[in-house]
Number of protein chains: 2
Amino acid sequence: MTEQSDIPRKRGRPRKPRPADAAGTERLPRAGLHERAARQLRSMIVTGKLPGGAPIVEAELCEVLGISRTPLREAVKMLAAQGLVELRPNRSARVAPMDASHVTDLFEALGNVERIAAEYAALRLTATELSSLRQMQETMERYYGEGDLAAYFAVNQAIHSAILAGARNATLVEMHRWLFARAERARYFALGRHARWVESIQEHRDILAALEAREPETAGRLLAAHVMHTGTGVLALLAASAVAGDAA
Amino acid sequence: MTEQSDIPRKRGRPRKPRPADAAGTERLPRAGLHERAARQLRSMIVTGKLPGGAPIVEAELCEVLGISRTPLREAVKMLAAQGLVELRPNRSARVAPMDASHVTDLFEALGNVERIAAEYAALRLTATELSSLRQMQETMERYYGEGDLAAYFAVNQAIHSAILAGARNATLVEMHRWLFARAERARYFALGRHARWVESIQEHRDILAALEAREPETAGRLLAAHVMHTGTGVLALLAASAVAGDAA
DNA sequence: AGTAAATTGTATTCAACATACAAAAAATTG
DNA sequence: CAATTTTTTGTATGTTGAATACAATTTACT
């Protein structure tokens, strides 16, 4: 029995004399090295700087990131648990390859996760959140009209996140993030190329309408279809560029 | 100032010249230590040996598992990425606590993932797999009749896995494993206590029937409900035992 | 093949940080 | 004003964070 005192007394040294907090440039000095390494690595993978199938040589990346092998290793293990890299015993870990079947599976799963979310969101979104969504939709359409790709994408992503949040299920959100990290990498391919925006905008309109009408099934079905459309687009592009770089 | 070469210190690993596969049940000598450590840790967490909220003191666990801190640390990072433990900067990592809202979310998500799987499985399962499922069902019912708890559970789990596999989507399977690890822990509570087996058996029968009839919606709906029933059972038990051990 | 180089796996060491305990200074009260 | 309580400060200790050294394995080279 480890009985502890019921009364939380103020103990120990109250506060450090505040080491001036290193004002300015440092935002997150409280983040561990492995955390930062993981972020940077993920970014490298998503942007294709580390292409699918590329070996992760520890010494090399240590040089690049300016850290030692220990935190890098931990970061790699985390990314492996997230499915972004593959570890093989006694061999270099590799960036998880993006073959066709993988992409198919991924977007099928992602689409259905968003379907679930939309179904719950249609029932659980507040009126305030709905109007916020509508505003996002308008913003997105404006950016579309202006041809601002980056802004369009950002708002698009925000809308999807808002729907997920509206489902009121933290686990679902986690799951979505988990899949999204991988999908983002695939989507990075299709960044400027597929001009499917017109349809995409219309799909978003329909989804929003279904949410506002509180029709779970419709909203879910439409959102799933929307995501899978994106998937097939990426897939086509992947097949087109599969002629060149390929590592079995 | 890392220079200190007067005295030749013992570095490297003079301690365990031959671990000789230390603890008895060794299955995969080809697996790295971090891999095994992760497995053992997960097992400890699932079985409640490391209860929710318990601090993970590295030195302690190193002693227990007979390894050094480096692989243990890697294992902890992996489990953290899987959501089984929480890391806090410069503090002991903790086993992820199991509060009510967490359990609710978890089983809601898990139920819906299985719903998706069942929908696809109803369309994609082969006749062979279906008959295999039916055989499992009969086996499970037999174990139920004999009161063999462990065997019943094992077959039950196998059925769920078979349905997932029948969906023909590797990502979905991964996602399921991801959630299942956590659900298993929650389920471990309810192991001998809730005698909901009768209903559970019947639910399984209905699900199987829907799969055989190739009715995706029905199969999905039933399976989701089945999983969520389990969830509410666990939830009730959790609430009942929340009176005792609680750490804010 | 066989041997050497490179790379991963693991253990240990050192440093940074946080907490707990103890002591001293300040404030309050008889 | 002395005694006690409260607040602050100092120090010790344990734990995590990160880097390096050594061992084992794989890959490259001839």
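Per chain, numbering begins at 1; letters A, B, ... match sequence-line order.
Summarising the geometry, the separation between CG on A:L87 and C1' on C:dT7 is reported as 15 Å, rounded to the nearest angstrom. As a whole-Å value, the separation of A:L33 CG from C:dA15 C1' is 13 Å. Following rounding to the nearest Å, B:E74 (CD) and C:dT10 (C1') show an atom-to-atom distance of 9 Å. Distance, B:L61 CG to C:dA11 P: 14 Å, rounded to whole Å. Going from atom CG of B:L65 over to atom P of C:dA11 covers 11 Å, rounded to whole Å. What separates CG of A:L72 from C1' of D:dG17 is a distance of 15 Å, to the nearest Å.
Every salt bridge (Lys or Arg N to Asp or Glu O under 4.0 Å) that B:R115 has, sequence neighbours left out, goes to A:E119, B:E119. Considering only residues two or more places apart in sequence or on other chains, A:E184 meets the salt bridge (Lys or Arg N to Asp or Glu O under 4.0 Å) condition with none of them. Judged as a side chain to side chain donor-acceptor pair (under 3.5 Å), and not counting sequence neighbours, the contacts of A:H229 are A:E203. Residues that satisfy the salt bridge (Lys or Arg N to Asp or Glu O under 4.0 Å) test with B:E129, not counting sequence neighbours, are B:R168.
In this structure, B:Y120 and A:N112 have side chains that are in contact, with non-hydrogen atoms separated by less than 4.5 Å.
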All N/O donor-acceptor pairs, side-chain side in residues 55-66 of chain B, below 3.5 Å, sequence neighbours left out:
from: B:E58; atom 1: OE1; to: B:R69; atom 2: NE; distance (Å): 2.8
from: B:E58; atom 1: OE1; to: B:R69; atom 2: NH2; distance (Å): 3.0
from: B:E58; atom 1: OE2; to: B:R73; atom 2: NE; distance (Å): 3.3

Between the protein and nucleotides 14-16 of chain D, list every N/O to N/O distance that falls short of 3.5 Å.
from: D:dT16; atom 1: OP1; to: B:I56; atom 2: O; distance (Å): 3.2
from: D:dT16; atom 1: OP1; to: B:E58; atom 2: N; distance (Å): 3.4
from: D:dT16; atom 1: OP1; to: B:S92; atom 2: OG; distance (Å): 2.9
from: D:dT16; atom 1: OP2; to: B:E58; atom 2: N; distance (Å): 3.4

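For the pair B:T70 and C:dT10, the criterion of a side-chain N or O lying under 4.0 Å from OP1 or OP2 is not met.
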